[in-house]
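Numbering starts at 1 and runs along the sequence shown.
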Amino acid sequence: MVSDPFSIPRALLHNLKHNKVLHSYNVLLSVKTKEIPYVADNDRIAMKQIGPRFTRVIANYGFQETANITHILKLMAEQGIKLDTMDTSFFLSHDSIVVAAKTKHGNMGRLRARLFKWLYKNSASAGNYYHIPANRVVELGAQVVI
């Protein structure tokens with residue numbers, strides 16, 4: 001999964017860097033929230049083959065809807081890409097926030113940086129939010145210094 005559909009996911013880059021492996025087939029999935037309450041299923045996903053081993057999928061949801069991976073996979077299967085949830089690994093990026101020892105926070109300030117770190121740490125994970133089975137999620141991340 002990747003937030004920007006036209007960039008390379010950091011999880012993919014970390015997997016290449018550390019494991020030195022590229023899977024036989026890769027789907028780059030982005031979920032976008034539209035400024036309308038609901039999106040019809042026939043407008044839900046847009047797919048584009050971007051290489052022999054890569055497909056980009058953009059799933060659109062309205063602001064009153066919650067994205068669901070099982071539903072996205074069903075719609076993908078209707079358009080020719082059949083992926084079984086229990087045979088698919090979902091690589092997600094997950095960052096850890098580190099507050100710098102020195103006060104180089106600009107306008108943020110040390111207290112605000114710690115508050116941001118606490119809020120970020122206690123936010124819902126992408127796996128839970130998108131209803132991805134926990135045993136299918138692989139999280140790869142980095143430390144971000146603020």
Side-chain angles (χ1 to χ4, degrees), residues 1-100 105-109 112-146:
M1 296 186 75
V2 58
S3 59
D4 179 5
F6 303 104
S7 68
I8 298 171
R10 283 184 293 151
L12 176 62
L13 294 175
H14 285 302
N15 195 34
L16 281 170
K17 180 181 176 183
H18 295 287
N19 298 325
K20 305 203 184 345
V21 64
L22 183 62
H23 297 278
S24 59
Y25 193 72
N26 301 274
V27 175
L28 307 177
L29 173 63
S30 296
V31 177
K32 294 293 178 190
T33 303
K34 299 288 188 179
E35 294 182 11
I36 55 176
Y38 300 99
V39 173
D41 271 353
N42 57 344
D43 295 327
R44 178 82 60 205
I45 63 170
M47 297 190 320
K48 181 179 181 184
Q49 189 77 28
I50 56 176
R53 296 166 68 170
F54 285 90
T55 298
R56 177 178 34 235
V57 176
I58 301 173
N60 298 299
Y61 281 84
F63 62 81
Q64 289 189 330
E65 298 176 292
T66 301
N68 187 309
I69 288 297
T70 305
H71 187 239
I72 293 170
L73 292 179
K74 178 182 164 254
L75 294 173
M76 288 171 56
E78 291 172 4
Q79 293 190 27
I81 296 181
K82 296 179 188 333
L83 300 173
D84 181 14
T85 306
M86 297 315 288
D87 288 333
T88 302
S89 295
F90 296 87
F91 287 82
L92 306 176
S93 296
H94 181 79
D95 296 325
S96 297
I97 304 296
V98 177
V99 178
H105 302 295
N107 294 333
M108 193 171 203
R112 285 187 220 154
R114 287 179 184 240
L115 176 61
F116 178 79
K117 177 183 175 180
W118 182 83
L119 289 170
Y120 186 83
K121 182 179 175 183
N122 289 295
S123 64
S125 71
N128 287 340
Y129 183 79
Y130 294 114
H131 308 286
I132 302 172
N135 62 344
R136 305 309 318 153
V137 173
V138 177
E139 289 187 344
L140 300 167
Q143 291 185 337
V144 177
V145 178
I146 59 171

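Just one residue in the list Leu75, Leu73, Asn60, Leu29 forms a side-chain contact (heavy atoms from CB on, under 4.5 Å) with Ile45, and that residue is Leu75. Here the rule is side-chain contact (heavy atoms from CB on, under 4.5 Å) with Leu92, and of Val2, Val137, Val138, Leu140 only Val137 fits it.
Here the straight-line distance linking atom CG of Leu22 with atom NZ of Lys20 works out to 13.5 Å at 0.5 Å rounding. The distance from the CD1 atom of Ile69 to the CZ atom of Phe90 is 5.5 Å, given to the nearest 0.5 Å. Taking CD1 from Ile36 and CG from Asp43, the interatomic distance works out to 8.0 Å, rounded to the nearest 0.5 Å. Note that NZ of Lys82 is 11.0 Å distant from CE of Met76, once rounded to the nearest 0.5 Å. One finds the CD atom of Gln64 at 12.0 Å from the OG1 atom of Thr33 (value rounded to the nearest 0.5 Å). Atom CZ of Arg136 and atom OG1 of Thr88 lie 7.0 Å apart (nearest 0.5 Å).
Side-chain contact between Tyr25 and Thr55 is present, with heavy atoms from C-beta onward closer than 4.5 Å. Looking only at side-chain heavy atoms (C-beta outward), His23 and Ser89 stay at 4.5 Å or farther from each other.
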Applying side chain to side chain contact (heavy atoms under 4.5 Å, CB included), run through Ile58 and Lys48 and close with a yes or a no. CA-CA 9 Å; Ile58 301 173; Lys48 181 179 181 184; over 6 Å; no

Please evaluate residues Met47 and Val27 with respect to the criterion side chain to side chain contact (heavy atoms under 4.5 Å, CB included), reporting the C-alpha separation (whole Å), side-chain torsions for both, the decisive distance (0.1 Å), and the verdict. CA-CA 10 Å; Met47 297 190 320; Val27 175; over 6 Å; no

Please determine whether side chain to side chain contact (heavy atoms under 4.5 Å, CB included) holds for the pair Tyr130 and Ile72, giving the CA-CA distance in whole Å, both sets of side-chain angles, and the decisive distance to 0.1 Å. CA-CA 10 Å; Tyr130 294 114; Ile72 293 170; 6.0 Å; no

Test side chain to side chain contact (heavy atoms under 4.5 Å, CB included) on Asn26 and Phe91; report intermediate values, then the result. CA-CA 10 Å; Asn26 301 274; Phe91 287 82; over 6 Å; no

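What you find for Ala67 and Val31 is that their closest heavy atoms are CB-CG1, 3.7 Å. When all heavy atoms are compared, the tightest approach of Ala11 to Ser93 is N-OG, 3.1 Å. Across Arg56 and Pro5, no two heavy atoms sit closer than the pair CD-O, 3.0 Å. The minimum heavy-atom distance linking Asp4 with Lys32 is given by the pair CA-NZ, 4.4 Å. Shortest non-hydrogen contact noted between His131 and Asn68 is CD2-ND2, 3.8 Å. For the residue pair Arg53 and Ser24, the shortest heavy atom distance occurs at CG-O, 3.5 Å.
Taking the six-membered ring for Trp and thresholds of 30 and 60 degrees, Tyr61 and His71 have ring planes more than 60 degrees apart, a perpendicular arrangement.
Enclosure of atom CZ in Arg10 is not indicated, since only 12 or fewer non-hydrogen atoms of other residues, nucleotides or ligands lie within 6.0 angstrom.
The residues Arg44 and Glu65 are annotated as salt-bridged, a charged nitrogen and a carboxylate oxygen being separated by less than 4.0 angstrom.
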